[in-house]
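Hydrogens, waters and symmetry mates are skipped; everything else that's a heavy atom, side chains included, is used. Keep in mind that this is a model prediction, so the values were computed, not measured. Every chain is numbered from 1 and lettered A, B, ... according to where its sequence line falls, protein lines coming before strand lines.
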Number of protein chains: 2
Amino acid sequence: MSSAGDTREAIMQAGRLAVQAHGYNALSFRELAKEVGIKSASVHYHFPTKGDLAAALAGRYADEAEAFLAELSASGQGHDEVMRAYAGAFRLALANENRMCLCGIMTAEYDDLPPPARTEVDRFARVNVEWLARTLAARRPGETARALEPRAVAIFAAIEGAQLIARGRKDVAAFDQIVTTYQSIGLLD
Amino acid sequence: MSSAGDTREAIMQAGRLAVQAHGYNALSFRELAKEVGIKSASVHYHFPTKGDLAAALAGRYADEAEAFLAELSASGQGHDEVMRAYAGAFRLALANENRMCLCGIMTAEYDDLPPPARTEVDRFARVNVEWLARTLAARRPGETARALEPRAVAIFAAIEGAQLIARGRKDVAAFDQIVTTYQSIGLLD
DNA sequence: ACCTGAACACCGTTCAAGT
DNA sequence: ACCTGAACACCGTTCAAGT
(Lines give C-alpha, C1' and ligand atoms only; values in the text may rest on other atoms or scores of the structure.)
Protein backbone atom coordinates (compact mmCIF):
# COMPACT_ATOMS: atom_id res chain seq x y z
CA MET A 1 0.00 0.00 0.00
CA SER A 2 1.27 3.45 -0.89
CA SER A 3 -0.45 6.74 -0.37
CA ALA A 4 -0.11 10.14 -2.03
CA GLY A 5 3.20 11.83 -1.31
CA ASP A 6 4.97 8.65 -0.29
CA THR A 7 7.57 8.90 -3.03
CA ARG A 8 8.15 12.56 -2.39
CA GLU A 9 8.57 11.76 1.29
CA ALA A 10 11.05 8.96 0.58
CA ILE A 11 13.11 11.34 -1.59
CA MET A 12 13.23 13.88 1.22
CA GLN A 13 14.24 11.29 3.82
CA ALA A 14 17.07 9.95 1.66
CA GLY A 15 18.05 13.45 0.57
CA ARG A 16 18.25 14.72 4.12
CA LEU A 17 20.59 11.95 5.23
CA ALA A 18 22.74 12.37 2.12
CA VAL A 19 23.11 16.13 2.58
CA GLN A 20 23.88 15.82 6.29
CA ALA A 21 26.65 13.36 5.41
CA HIS A 22 28.07 14.74 2.17
CA GLY A 23 26.61 18.18 1.57
CA TYR A 24 24.54 19.75 -1.18
CA ASN A 25 27.15 19.57 -3.93
CA ALA A 26 27.68 15.84 -3.46
CA LEU A 27 23.94 15.11 -3.57
CA SER A 28 23.09 12.98 -6.62
CA PHE A 29 19.60 12.69 -8.09
CA ARG A 30 20.64 9.40 -9.69
CA GLU A 31 21.77 7.88 -6.39
CA LEU A 32 18.67 9.22 -4.67
CA ALA A 33 16.51 7.64 -7.36
CA LYS A 34 18.21 4.27 -6.88
CA GLU A 35 17.58 4.37 -3.12
CA VAL A 36 13.92 5.24 -3.61
CA GLY A 37 13.43 2.78 -6.47
CA ILE A 38 12.56 5.16 -9.29
CA LYS A 39 14.44 6.77 -12.19
CA SER A 40 16.30 10.04 -11.82
CA ALA A 41 13.94 11.79 -14.24
CA SER A 42 11.13 10.99 -11.79
CA VAL A 43 12.90 12.79 -8.98
CA HIS A 44 12.67 15.90 -11.13
CA TYR A 45 8.89 15.45 -11.24
CA HIS A 46 8.76 15.97 -7.46
CA PHE A 47 11.63 18.48 -7.24
CA PRO A 48 12.29 20.27 -10.55
CA THR A 49 15.88 21.11 -9.60
CA LYS A 50 18.41 20.13 -6.96
CA GLY A 51 17.98 23.60 -5.54
CA ASP A 52 14.26 22.99 -5.04
CA LEU A 53 15.00 19.83 -3.08
CA ALA A 54 17.62 21.65 -1.02
CA ALA A 55 15.16 24.46 -0.23
CA ALA A 56 12.50 21.91 0.80
CA LEU A 57 14.98 20.06 3.03
CA ALA A 58 16.26 23.22 4.70
CA GLY A 59 12.70 24.54 5.09
CA ARG A 60 11.55 21.40 6.86
CA TYR A 61 14.72 21.42 8.98
CA ALA A 62 13.97 24.98 10.09
CA ASP A 63 10.36 24.05 10.85
CA GLU A 64 11.43 21.10 12.97
CA ALA A 65 13.95 23.22 14.83
CA GLU A 66 11.27 25.80 15.55
CA ALA A 67 8.91 23.14 16.94
CA PHE A 68 11.66 21.47 18.98
CA LEU A 69 12.75 24.76 20.55
CA ALA A 70 9.18 25.78 21.37
CA GLU A 71 8.67 22.46 23.16
CA LEU A 72 11.96 22.85 24.96
CA SER A 73 10.98 26.29 26.23
CA ALA A 74 7.65 24.93 27.43
CA SER A 75 9.22 21.92 29.16
CA GLY A 76 9.67 23.75 32.44
CA GLN A 77 13.28 22.67 32.80
CA GLY A 78 15.90 24.92 34.34
CA HIS A 79 18.28 27.02 32.24
CA ASP A 80 21.22 24.62 32.44
CA GLU A 81 19.11 21.61 31.47
CA VAL A 82 17.56 23.57 28.60
CA MET A 83 20.97 24.57 27.24
CA ARG A 84 22.22 21.01 27.58
CA ALA A 85 19.20 19.83 25.59
CA TYR A 86 19.90 22.51 22.98
CA ALA A 87 23.47 21.29 22.53
CA GLY A 88 22.11 17.73 22.58
CA ALA A 89 20.17 18.39 19.38
CA PHE A 90 23.43 19.16 17.55
CA ARG A 91 25.08 16.18 19.24
CA LEU A 92 22.43 13.91 17.74
CA ALA A 93 23.59 14.59 14.17
CA LEU A 94 27.17 13.63 15.06
CA ALA A 95 25.98 10.48 16.82
CA ASN A 96 24.12 9.54 13.63
CA GLU A 97 27.16 8.34 11.67
CA ASN A 98 29.12 11.56 12.05
CA ARG A 99 26.56 13.71 10.26
CA MET A 100 26.24 17.49 10.49
CA CYS A 101 23.48 19.98 11.02
CA LEU A 102 21.84 20.18 7.59
CA CYS A 103 21.98 23.96 7.59
CA GLY A 104 25.51 24.04 8.99
CA ILE A 105 26.91 22.06 6.09
CA MET A 106 24.82 24.07 3.63
CA THR A 107 26.20 27.29 5.10
CA ALA A 108 29.68 26.07 4.14
CA GLU A 109 28.33 25.63 0.59
CA TYR A 110 26.45 28.92 0.71
CA ASP A 111 27.87 30.25 -2.58
CA ASP A 112 26.61 27.21 -4.47
CA LEU A 113 23.03 27.40 -3.17
CA PRO A 114 20.22 28.88 -5.25
CA PRO A 115 18.50 31.83 -3.49
CA PRO A 116 15.43 29.89 -2.28
CA ALA A 117 17.68 27.42 -0.44
CA ARG A 118 19.68 30.28 1.05
CA THR A 119 16.47 31.80 2.38
CA GLU A 120 15.65 28.64 4.33
CA VAL A 121 19.18 28.23 5.65
CA ASP A 122 19.02 31.85 6.82
CA ARG A 123 15.69 31.16 8.49
CA PHE A 124 17.15 28.21 10.41
CA ALA A 125 19.90 30.47 11.74
CA ARG A 126 17.36 33.16 12.66
CA VAL A 127 15.14 30.65 14.49
CA ASN A 128 18.12 29.52 16.55
CA VAL A 129 19.44 32.99 17.34
CA GLU A 130 16.05 34.42 18.29
CA TRP A 131 15.27 31.46 20.55
CA LEU A 132 18.66 31.77 22.22
CA ALA A 133 18.16 35.51 22.73
CA ARG A 134 14.74 34.94 24.31
CA THR A 135 16.10 32.13 26.47
CA LEU A 136 18.93 34.33 27.71
CA ALA A 137 16.56 37.25 28.31
CA ALA A 138 14.19 35.11 30.38
CA ARG A 139 16.65 35.02 33.28
CA ARG A 140 17.86 38.63 32.99
CA PRO A 141 15.12 40.90 34.37
CA GLY A 142 16.51 44.14 33.01
CA GLU A 143 17.54 43.11 29.50
CA THR A 144 15.62 42.62 26.28
CA ALA A 145 15.99 39.71 23.87
CA ARG A 146 16.97 42.25 21.23
CA ALA A 147 19.92 43.47 23.29
CA LEU A 148 21.08 39.89 23.88
CA GLU A 149 21.18 38.96 20.20
CA PRO A 150 24.94 39.47 19.82
CA ARG A 151 25.49 37.00 22.63
CA ALA A 152 22.94 34.61 21.10
CA VAL A 153 24.79 34.74 17.76
CA ALA A 154 28.05 33.96 19.55
CA ILE A 155 26.52 30.90 21.23
CA PHE A 156 25.05 29.66 17.95
CA ALA A 157 28.39 30.11 16.17
CA ALA A 158 30.26 28.35 18.96
CA ILE A 159 27.93 25.34 18.90
CA GLU A 160 28.05 25.01 15.11
CA GLY A 161 31.84 25.28 15.29
CA ALA A 162 31.99 22.59 17.97
CA GLN A 163 30.03 20.28 15.68
CA LEU A 164 32.27 21.04 12.71
CA ILE A 165 35.51 20.40 14.61
CA ALA A 166 34.17 17.27 16.35
CA ARG A 167 33.12 15.94 12.96
CA GLY A 168 36.66 16.39 11.68
CA ARG A 169 37.84 14.33 14.62
CA LYS A 170 35.14 11.72 14.03
CA ASP A 171 34.59 11.84 17.77
CA VAL A 172 31.35 12.78 19.50
CA ALA A 173 33.24 13.00 22.78
CA ALA A 174 35.16 15.98 21.38
CA PHE A 175 31.83 17.79 20.94
CA ASP A 176 30.88 17.06 24.55
CA GLN A 177 34.24 18.30 25.77
CA ILE A 178 33.98 21.55 23.84
CA VAL A 179 30.45 22.23 25.08
CA THR A 180 31.56 21.49 28.64
CA THR A 181 34.33 24.06 28.22
CA TYR A 182 31.81 26.62 26.92
CA GLN A 183 29.68 25.95 29.99
CA SER A 184 32.58 26.22 32.41
CA ILE A 185 33.53 29.70 31.21
CA GLY A 186 29.91 30.84 31.26
CA LEU A 187 29.29 31.21 27.51
CA LEU A 188 25.95 29.41 27.81
CA ASP A 189 24.69 31.34 30.86
CA MET B 1 59.22 33.77 -19.68
CA SER B 2 58.02 30.80 -17.67
CA SER B 3 60.01 28.71 -15.29
CA ALA B 4 59.62 25.17 -14.04
CA GLY B 5 56.63 24.68 -11.79
CA ASP B 6 54.81 27.79 -13.00
CA THR B 7 51.82 25.86 -14.30
CA ARG B 8 51.63 23.73 -11.20
CA GLU B 9 51.76 26.90 -9.11
CA ALA B 10 49.01 28.57 -11.17
CA ILE B 11 46.80 25.51 -10.68
CA MET B 12 47.32 25.66 -6.93
CA GLN B 13 46.57 29.39 -6.74
CA ALA B 14 43.34 29.03 -8.72
CA GLY B 15 42.42 25.83 -6.87
CA ARG B 16 42.90 27.41 -3.48
CA LEU B 17 40.59 30.32 -4.25
CA ALA B 18 38.00 28.00 -5.78
CA VAL B 19 37.96 25.65 -2.76
CA GLN B 20 37.80 28.52 -0.27
CA ALA B 21 34.77 29.86 -2.14
CA HIS B 22 32.92 26.71 -3.21
CA GLY B 23 34.48 23.72 -1.47
CA TYR B 24 36.18 20.56 -2.63
CA ASN B 25 33.16 18.95 -4.25
CA ALA B 26 32.45 21.98 -6.44
CA LEU B 27 36.06 22.17 -7.64
CA SER B 28 36.26 21.51 -11.39
CA PHE B 29 39.42 20.43 -13.20
CA ARG B 30 37.92 21.74 -16.43
CA GLU B 31 37.25 25.21 -15.01
CA LEU B 32 40.67 25.24 -13.38
CA ALA B 33 42.24 24.35 -16.73
CA LYS B 34 40.40 27.20 -18.45
CA GLU B 35 41.67 29.71 -15.87
CA VAL B 36 45.24 28.49 -16.22
CA GLY B 37 45.10 28.23 -20.01
CA ILE B 38 45.64 24.50 -20.47
CA LYS B 39 43.42 21.47 -21.05
CA SER B 40 41.87 19.51 -18.19
CA ALA B 41 43.92 16.44 -19.05
CA SER B 42 47.03 18.51 -18.38
CA VAL B 43 45.86 19.30 -14.86
CA HIS B 44 45.97 15.55 -14.23
CA TYR B 45 49.62 15.56 -15.25
CA HIS B 46 50.42 17.81 -12.27
CA PHE B 47 47.80 16.37 -9.89
CA PRO B 48 46.73 12.83 -10.84
CA THR B 49 43.41 13.13 -9.00
CA LYS B 50 41.28 15.83 -7.40
CA GLY B 51 42.18 14.32 -4.07
CA ASP B 52 45.88 14.85 -4.76
CA LEU B 53 45.26 18.53 -5.48
CA ALA B 54 43.15 18.83 -2.34
CA ALA B 55 45.88 17.23 -0.24
CA ALA B 56 48.50 19.57 -1.73
CA LEU B 57 46.32 22.62 -1.05
CA ALA B 58 45.54 21.61 2.53
CA GLY B 59 49.18 20.70 3.13
CA ARG B 60 50.40 24.10 2.00
CA TYR B 61 47.65 25.79 4.00
CA ALA B 62 48.79 23.96 7.13
CA ASP B 63 52.43 24.91 6.42
CA GLU B 64 51.51 28.57 6.02
CA ALA B 65 49.48 28.52 9.22
CA GLU B 66 52.42 27.01 11.08
CA ALA B 67 54.78 29.71 9.80
CA PHE B 68 52.31 32.51 10.52
CA LEU B 69 51.71 31.33 14.08
CA ALA B 70 55.43 30.94 14.78
CA GLU B 71 56.02 34.52 13.62
CA LEU B 72 53.08 35.71 15.71
CA SER B 73 54.48 34.07 18.83
CA ALA B 74 57.86 35.66 18.16
CA SER B 75 56.41 39.12 17.53
CA GLY B 76 56.61 40.12 21.17
CA GLN B 77 53.05 41.40 21.27
CA GLY B 78 50.86 41.03 24.35
CA HIS B 79 48.34 38.24 24.72
CA ASP B 80 45.31 40.28 23.68
CA GLU B 81 47.03 41.60 20.55
CA VAL B 82 48.20 38.11 19.66
CA MET B 83 44.70 36.67 19.97
CA ARG B 84 43.28 39.53 17.94
CA ALA B 85 45.84 38.80 15.22
CA TYR B 86 44.91 35.11 15.39
CA ALA B 87 41.23 35.91 14.81
CA GLY B 88 42.35 38.39 12.15
CA ALA B 89 43.77 35.56 10.04
CA PHE B 90 40.32 33.96 9.84
CA ARG B 91 38.79 37.36 9.23
CA LEU B 92 40.99 37.76 6.15
CA ALA B 93 39.29 34.87 4.32
CA LEU B 94 35.87 36.42 4.87
CA ALA B 95 37.10 39.82 3.71
CA ASN B 96 38.35 38.13 0.52
CA GLU B 97 34.95 37.83 -1.18
CA ASN B 98 33.31 35.93 1.66
CA ARG B 99 35.66 32.96 1.48
CA MET B 100 36.27 30.42 4.22
CA CYS B 101 39.25 28.82 5.86
CA LEU B 102 40.30 26.16 3.34
CA CYS B 103 40.43 23.50 6.01
CA GLY B 104 37.19 24.64 7.61
CA ILE B 105 35.20 24.14 4.44
CA MET B 106 36.99 20.85 3.78
CA THR B 107 36.10 19.66 7.28
CA ALA B 108 32.44 20.09 6.33
CA GLU B 109 33.14 17.85 3.32
CA TYR B 110 35.24 15.45 5.39
CA ASP B 111 33.39 12.31 4.25
CA ASP B 112 34.10 13.08 0.61
CA LEU B 113 37.86 13.62 1.06
CA PRO B 114 40.38 10.92 0.17
CA PRO B 115 42.56 9.92 3.17
CA PRO B 116 45.66 11.95 2.14
CA ALA B 117 43.59 15.15 2.09
CA ARG B 118 42.05 14.27 5.46
CA THR B 119 45.53 13.88 6.91
CA GLU B 120 46.45 17.45 5.94
CA VAL B 121 43.16 18.90 7.17
CA ASP B 122 43.75 17.12 10.47
CA ARG B 123 47.25 18.54 10.61
CA PHE B 124 45.94 22.09 10.14
CA ALA B 125 43.61 21.58 13.10
CA ARG B 126 46.43 20.15 15.19
CA VAL B 127 48.77 23.05 14.36
CA ASN B 128 46.09 25.50 15.50
CA VAL B 129 45.15 23.66 18.69
CA GLU B 130 48.73 23.08 19.77
CA TRP B 131 49.68 26.70 19.16
CA LEU B 132 46.63 27.88 21.11
CA ALA B 133 47.45 25.53 23.99
CA ARG B 134 51.05 26.81 24.12
CA THR B 135 49.88 30.41 23.91
CA LEU B 136 47.44 29.89 26.78
CA ALA B 137 50.08 28.07 28.84
CA ALA B 138 52.61 30.89 28.40
CA ARG B 139 50.66 33.12 30.76
CA ARG B 140 49.67 30.41 33.26
CA PRO B 141 52.75 29.58 35.36
CA GLY B 142 51.38 26.42 36.91
CA GLU B 143 49.70 24.78 33.91
CA THR B 144 51.03 22.76 30.99
CA ALA B 145 50.07 23.18 27.36
CA ARG B 146 48.84 19.60 27.44
CA ALA B 147 46.37 20.38 30.22
CA LEU B 148 45.07 23.41 28.33
CA GLU B 149 44.30 21.52 25.13
CA PRO B 150 40.57 21.15 25.85
CA ARG B 151 40.34 24.91 26.17
CA ALA B 152 42.42 25.36 23.01
CA VAL B 153 40.07 23.06 21.08
CA ALA B 154 37.09 25.09 22.32
CA ILE B 155 38.68 28.34 21.10
CA PHE B 156 39.51 26.84 17.71
CA ALA B 157 35.96 25.50 17.34
CA ALA B 158 34.45 28.83 18.36
CA ILE B 159 36.54 30.79 15.84
CA GLU B 160 35.77 28.38 12.98
CA GLY B 161 32.10 28.58 13.92
CA ALA B 162 32.20 32.36 13.94
CA GLN B 163 33.60 32.29 10.42
CA LEU B 164 30.95 29.83 9.23
CA ILE B 165 28.03 31.84 10.64
CA ALA B 166 29.42 35.19 9.46
CA ARG B 167 29.83 33.71 6.00
CA GLY B 168 26.15 32.72 5.99
CA ARG B 169 25.33 36.33 6.80
CA LYS B 170 27.71 37.62 4.12
CA ASP B 171 28.87 40.08 6.73
CA VAL B 172 32.43 40.40 8.07
CA ALA B 173 31.11 42.66 10.83
CA ALA B 174 29.20 39.68 12.24
CA PHE B 175 32.52 37.85 12.64
CA ASP B 176 34.00 40.83 14.50
CA GLN B 177 30.98 41.03 16.77
CA ILE B 178 31.13 37.33 17.64
CA VAL B 179 34.86 37.48 18.39
CA THR B 180 34.30 40.55 20.55
CA THR B 181 31.68 38.61 22.49
CA TYR B 182 34.12 35.72 22.96
CA GLN B 183 36.68 38.18 24.29
CA SER B 184 34.24 39.88 26.64
CA ILE B 185 33.33 36.62 28.38
CA GLY B 186 36.99 35.60 28.62
CA LEU B 187 37.01 32.69 26.16
CA LEU B 188 40.22 33.94 24.57
CA ASP B 189 42.09 34.62 27.83
C1' DA C 1 -0.87 12.16 -11.45
C1' DC C 2 3.25 9.92 -11.91
C1' DC C 3 6.86 7.67 -14.35
C1' DT C 4 10.19 6.70 -18.19
C1' DG C 5 14.04 6.55 -22.06
C1' DA C 6 16.68 9.32 -24.67
C1' DA C 7 19.21 13.28 -25.38
C1' DC C 8 22.15 17.33 -23.98
C1' DA C 9 26.15 19.56 -21.90
C1' DC C 10 28.65 18.86 -18.01
C1' DC C 11 32.15 16.14 -14.75
C1' DG C 12 36.81 13.22 -13.21
C1' DT C 13 39.78 9.97 -15.10
C1' DT C 14 42.62 7.27 -18.39
C1' DC C 15 45.62 6.66 -22.18
C1' DA C 16 47.81 6.57 -26.46
C1' DA C 17 49.83 10.07 -29.06
C1' DG C 18 52.23 14.18 -29.80
C1' DT C 19 56.26 17.84 -28.98
C1' DA D 1 58.99 17.07 -19.33
C1' DC D 2 54.68 18.66 -20.52
C1' DC D 3 50.56 18.81 -23.17
C1' DT D 4 46.58 17.02 -25.98
C1' DG D 5 42.13 14.69 -28.12
C1' DA D 6 39.31 11.08 -27.58
C1' DA D 7 36.98 7.94 -24.89
C1' DC D 8 34.60 6.22 -20.62
C1' DA D 9 31.13 6.35 -16.97
C1' DC D 10 29.27 9.73 -14.33
C1' DC D 11 26.20 14.20 -13.39
C1' DG D 12 21.66 17.66 -13.57
C1' DT D 13 18.20 18.84 -16.65
C1' DT D 14 14.69 18.69 -20.36
C1' DC D 15 11.06 16.68 -22.95
C1' DA D 16 8.20 13.91 -25.63
C1' DA D 17 5.98 9.74 -24.65
C1' DG D 18 3.79 6.48 -21.88
C1' DT D 19 0.20 4.72 -18.12
Q. Between Lys50(A) and Tyr24(A), is NZ or CZ placed under 6.0 angstrom from the six-membered ring centre and within 45° of the ring axis?
A.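 Here Lys50(A) passes the 6.0 Å and 45° test against Tyr24(A).
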
Q.
Check this for me, if you would: do Glu66(A) and Arg126(A) make a salt bridge, where the nitrogen-to-carboxylate-oxygen distance has to be below 4.0 angstrom?
A.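 Not counted as a salt bridge, because no side-chain N and carboxylate O are separated by less than 4.0 Å.
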
Q) Using 4.0 Å as the upper bound for N to carboxylate O, is an ion pair formed by Glu120(A) and Arg60(A)? A)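 Salt bridge flag = no for Glu120(A) with Arg60(A).
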
So, does [X] get its side chain near the phosphate of [N], meaning an N or O under 4.0 Å from OP1 or OP2?
{"X": "His46(B)", "N": "dC3(D)", "answer": "yes"}
{"X": "Thr7(A)", "N": "dC2(C)", "answer": "no"}
{"X": "Ser42(B)", "N": "dC2(D)", "answer": "no"}
{"X": "Tyr45(A)", "N": "dC2(C)", "answer": "yes"}
{"X": "Ser40(A)", "N": "dT13(D)", "answer": "no"}

Tell me: [atom1] of [X] to [atom2] of [N], nearest whole Å?
{"X": "Ile38(B)", "N": "dG5(D)", "atom1": "CD1", "atom2": "P", "value": "12 Å"}
{"X": "Phe29(A)", "N": "dC10(D)", "atom1": "CZ", "atom2": "P", "value": "19 Å"}
{"X": "Ile11(B)", "N": "dC2(D)", "atom1": "CD1", "atom2": "C1'", "value": "11 Å"}
{"X": "His44(B)", "N": "dA7(D)", "atom1": "NE2", "atom2": "C1'", "value": "13 Å"}
{"X": "Leu27(B)", "N": "dC10(C)", "atom1": "CG", "atom2": "P", "value": "17 Å"}
{"X": "Asp52(A)", "N": "dT14(D)", "atom1": "CG", "atom2": "C1'", "value": "14 Å"}
{"X": "Glu31(B)", "N": "dG12(C)", "atom1": "CD", "atom2": "P", "value": "8 Å"}
{"X": "Leu53(A)", "N": "dT13(D)", "atom1": "CG", "atom2": "P", "value": "10 Å"}

Q. More than 12 non-hydrogen atoms from neighbouring residues, nucleotides or ligands closer than 6.0 Å to CZ on Arg146(A), yes or no?
A.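 Atom CZ in Arg146(A) is not crowded, with 12 or fewer foreign heavy atoms closer than 6.0 Å.
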
Q) Taking everything shown except Arg169(A) itself, do over 12 heavy atoms lie less than 6.0 Å from its CZ? A)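 Not more than 12 within 6.0 Å, no.
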
Which of the following nucleotides, [options], is nearest to the side chain of [X]?
{"X": "Ala41(A)", "options": "dG12(D), dA6(C), dA1(D)", "value": "dA6(C)"}
{"X": "Arg30(B)", "options": "dC3(C), dG12(C), dG12(D)", "value": "dG12(C)"}
{"X": "Thr49(A)", "options": "dG12(D), dT13(D), dC3(D)", "value": "dT13(D)"}

Q. Is the Tyr86(B) ring parallel, tilted or perpendicular to the Trp131(B) ring (thresholds 30°, 60°)?
A.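 Plane angle under 30°, so parallel.
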
Q: Any chance you could measure Ile11(A), atom CD1, to Glu9(A), atom CD, to the nearest 0.5 Å?
A: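 One gets 10.0 Å once the value is rounded to the nearest 0.5 Å.
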
Q. Hey, which of these two, Tyr24(B) or Lys39(A), hits DNA chain C nearer its 5' end, going by closest nucleotide?
A.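 Here Lys39(A) is the residue nearer the 5' end.
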
Q: Could you summarise the pairing of DNA chain C as dot-bracket text, marking Watson-Crick and G-U pairs under 3.5 Å with ( ) or [ ] inside the strand and | across strands?
A: ||.|||||...|||||.||

